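Quick caveat, the model's predicted, so the values are computed rather than measured. Throughout, protein chains are lettered first and strands after them, A, B, ... in sequence-line order, and every chain is numbered starting at 1.
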Amino acid sequence: MYPAPFEYFAPKSLDEAISLLEKYKEEAKVIAGGQSLTILMKLRLARPKYLIDLNKIPGLEYIIESNEGIKIGAMTRMNDIAENELIRKTYPIIHDAAINIADPLVRNMGTIGGNLCHGDPGNDMPSVMIALNAVYTVKGTRGERKIKAEDFYIDTFQTALEPDEILTEVFVAKPEPKNGSAYEKIKRRVGDFAVAAVGASISVDENLRIKKIGIALTSLGPKVLKVDTSGLIGSVANEDTFEKVGELSYKTAQPSSDIRGPAEYKRDMAKALTIRALRLSLNRILGK
Amino acid sequence: MPKHHISLVVNGKKVEADVEPRMLLVHFIRDVLGLTGTHVGCDTTNCGACTVILDGKAVKSCSLFAVQADGKELLTIEGLAKDGQLHPIQQAFWEKHGLQCGYCTPGMIMTSYWFLRKNPNPTEEEIRNAISGNLCRCTGYVKIVEAIQYAAKLMQSKELKK
């Protein structure tokens, strides 16, 4: 299978890439790891006239820890994230999701930036980043701006990125001392997209009262969905509370029936996976 | 569309060519270089029959454009045997019957090559996870996993002899 013809550019700097985007606008498409886009192009579901490859731009592949949190460069490969010890220990939700994306060979190419910007509601990292309250840095002709993960996703394959903008970095603040997080995903077979998946992150005080909670849903609507859990701040993190959060996920989910299952089943899974992800998050806080 | 001049190292030899941007790496390998050991299976990133090593990492060559391999080092199944001697992974697949029809075998071996360099003494679970992007429709994987375990042993004893 061959894609439709296109013109290819491999800029050596972000500025060069941005000026190409400015020139070609909607007719151009940025390619990172290419593990979704190349296939869409081969299937002729995507036919960009101009392909702008970010792989030759230095300085976009990094995982940096600081006192404030962690910064991940947009071109960081998914396997490097999956195998990163700091991420596994401090941000287990990111690790959970990373090891469940496609397979190791795809993860050798696939990037976090691509996963975050593709806009497929079946991509795993957007939910993770919404649950963690992450902030994206994007760069365009008018300079740099920050976008909260929860504000980034507009609709299926639509994000807040302007045609001339490129995601350069994702930042996740350092978790509070008693924080736990997890990503629970159901898939039909190894390497597949989620039938349904839920990302959860909770921070509690010494009495296990919830101080912060983030829940987001993958493959459960036209875009990745944030669950409004603000009413549960102050509740004790226990099974009763998790049941209530599960109900909120059930109500928030807008699944459709497809080859991966009927909508009613997926909606039930929104609840079940929310409870499982919260349970695992709490167990991680308690060191169980 | 303007063609791009690319220059890369394939199995230790420098190769130069002019390619259309939409030419996929796997077609470049098979049709331009004539190295047909790399197979095309699903053509949609699922099966791993087209797995090659690009700058040290196992990737699916049906999901990359040839132009993206410019300046890189590529290793295909043809580059493994040295002086008529099979690579220990090839030897292990041979001895342990890690194949039936053989279609997935080059991909399985290239993935193993990448994986065993990273993890020379893997558990069965780690092996199964490593080859989760390579589909085999004949064997049920048991013999493939045995072959990779045996390859790990062969490669370690080879290291010890050095």
Side-chain angles (χ1 to χ4, degrees), chain A residues 1-10 12 28-29 31-58 61 77-80 82-83 98-111 114 187-193, chain B residues 1-6 19-28 31 40 42-72 107-108 110-115 118-119 126-135 141:
Chain A
M1 284 189 294
Y2 273 91
F6 59 86
E7 220 172 304
Y8 173 84
F9 299 93
K12 300 276 192 315
K29 191 82 185 141
I31 188 165
Q35 301 298 287
S36 298
L37 180 59
T38 304
I39 319 309
L40 288 179
M41 288 170 66
K42 286 168 74 177
L43 295 168
R44 310 254 174 151
L45 294 169
R47 314 168 74 108
K49 273 195 179 156
Y50 306 95
L51 198 63
I52 300 165
D53 189 348
L54 303 184
N55 283 283
K56 300 271 187 214
I57 301 176
E61 264 189 83
R77 309 291 158 173
M78 216 47 90
N79 257 355
D80 294 326
E83 289 170 5
I99 59 169
N100 272 300
I101 291 172
D103 60 62
L105 311 179
V106 171
R107 295 198 295 267
N108 269 341
M109 278 306 295
T111 65
K187 48 191 180 181
R188 294 177 306 167
R189 55 169 189 268
V190 169
D192 198 7
F193 281 98
Chain B
M1 287 297 146
K3 284 194 172 184
H4 284 251
H5 187 75
I6 60 168
V19 296
E20 208 187 328
R22 65 172 173 163
M23 173 171 267
L24 294 155
L25 181 58
V26 69
H27 294 312
F28 176 74
D31 303 343
V40 179
C42 68
D43 224 347
T44 49
T45 337
N46 290 300
C47 80
C50 64
T51 304
V52 296
I53 310 290
L54 193 63
D55 276 358
K57 284 182 174 183
V59 298
K60 295 182 177 179
S61 61
C62 78
S63 310
L64 273 162
F65 297 109
V67 64
Q68 293 184 289
D70 184 30
K72 292 187 184 281
M108 286 287 179
M110 297 320 282
T111 297
S112 305
Y113 179 88
W114 164 70
F115 170 65
K118 224 165 49 116
N119 188 346
E126 287 168 339
I127 291 172
R128 286 183 178 273
N129 182 47
I131 58 168
S132 61
N134 296 83
L135 300 186
Y141 302 98

Side chain, backbone, both or neither of B:Lys118 within contact of chain A (heavy atoms, under 4.5 Å): side chain
Nearest-0.5 Å distance, CD of residue B:Gln68 to CG of residue A:Asp53: 4.5 Å
Side chain proximity check, A:Val106 to B:Lys60, heavy atoms < 4.5 angstrom: yes
Select one option (side chain, backbone, both, neither) describing which atoms of A:Ala4 are under 4.5 Å from chain B's heavy atoms. backbone
Need one label for A:Ile31: side chain, backbone, both or neither, based on atoms under 4.5 Å from any heavy atom in chain B. side chain
Hey, are the side chains of B:Ser63 and A:Met109 touching, using non-hydrogen atoms and a 4.5 Å cut-off? no
In short, A:Leu105 meets B:Gly133 closest at the heavy-atom pair CD1-O, 4.0 Å
How far does OG1 of B:Thr44 sit from CG of A:Leu40, to the nearest 0.5 angstrom? 11.0 Å
Taking the ring centre of each residue, are B:Phe65 and A:Phe6 less than 6.0 Å apart? yes
Test log, rule side chain to side chain contact (heavy atoms under 4.5 Å, CB included), inputs B:Arg22 and A:Tyr8: CA-CA 9 Å; B:Arg22 65 172 173 163; A:Tyr8 173 84; over 6 Å; no
Which heavy-atom pair separates A:Tyr2 from B:Met23 by the least distance, and what is that distance? CE2-CA, 3.5 Å
Determine, stepwise, if the pair A:Arg77 / B:Lys57 fulfils side chain to side chain contact (heavy atoms under 4.5 Å, CB included). CA-CA 11 Å; A:Arg77 309 291 158 173; B:Lys57 284 182 174 183; 3.7 Å; yes
Any non-hydrogen side-chain atom of A:Met1 less than 4.5 Å from a side-chain atom of B:Cys62? no
Counting only heavy atoms from other residues, nucleotides and ligands, does the tally under 6.0 Å from NZ of A:Lys56 exceed 12? yes
Cut-off 4.5 Å, heavy atoms of chain B, and the answer for A:Asp192 is neither
Region of B:Ala130 in contact with chain A, defined by heavy-atom distances below 4.5 Å: backbone
Residues which pass side chain to side chain contact (heavy atoms under 4.5 Å, CB included) with A:Ile99, listed by chain and number, not counting sequence neighbours: A:Ala82, A:His95
Run the numbers on A:Gln35 and B:Thr45 for side chain to side chain contact (heavy atoms under 4.5 Å, CB included), then give the verdict. CA-CA 7 Å; A:Gln35 301 298 287; B:Thr45 337; 3.5 Å; yes
Name the member of A:Asn108, A:Asp103, A:Thr38, A:Val190 that forms the most heavy-atom pairs with chain B at distances under 4.5 Å. A:Asn108
Rounded to the nearest 0.5 angstrom, the CZ-CG distance for A:Arg189 and B:Asn46 is 6.5 Å
